[in-house]
Amino acid sequence: MSEDRFLTLSEKVDDLIDLCADMKRENQILKAGEKFWQSERKQLMDKDKDTKSKLESILVRLKAMDQS
């Protein structure tokens, strides 16, 4: 293999190594973001459930008052 071809190949390998490192960092950032959004989603779903429960309770009380 000629030295030029070897250098070209070596540069391409270095570029691939850099690309893999960049992709690994990006993947870690995306995973951290996903965990954050999943946590926030769970909190919002719990809050929604609590709100629905409170509204149902209010409706039951209103219906009871209406029937009195």
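Remember, predicted model here, so these are calculated numbers, not experimental data.
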For the [atom1] atom of [X] and the [atom2] atom of [Y], what is their distance to the nearest 0.5 Å?
X     : Y     : atom1 : atom2 : value
Glu34 : Asn27 : CD    : CG    : 9.5 Å
Phe6  : Glu11 : CZ    : CD    : 11.0 Å
Thr51 : Leu44 : OG1   : CG    : 10.0 Å
Leu30 : Met23 : CG    : CE    : 10.5 Å
Ser10 : Arg5  : OG    : CZ    : 14.5 Å
Leu19 : Glu26 : CG    : CD    : 9.5 Å

Legend entry - Candidates Leu16, Ile17, Asp15 - the one meeting side chain to side chain contact (heavy atoms under 4.5 Å, CB included) with Val13: Ile17
Inset, instruction - Go through Lys31 and Lys35 one step at a time and tell me if the side chain to side chain contact (heavy atoms under 4.5 Å, CB included) criterion holds. - result: CA-CA 6 Å; Lys31 284 183 178 182; Lys35 285 183 183 180; 5.6 Å; no
Legend entry - Salt-bridge contact Lys42-Asp46 (side-chain N to carboxylate O under 4.0 Å): yes
Inset, instruction - May I ask you to say whether Lys47 pairs ionically with Asp50, meaning some side-chain N is under 4.0 Å from a carboxylate O? - result: no
Inset, instruction - Quick one: do Ile58 and Arg61 satisfy side chain to side chain contact (heavy atoms under 4.5 Å, CB included)? Show the steps, please. - result: CA-CA 5 Å; Ile58 291 170; Arg61 290 189 313 197; 3.8 Å; yes
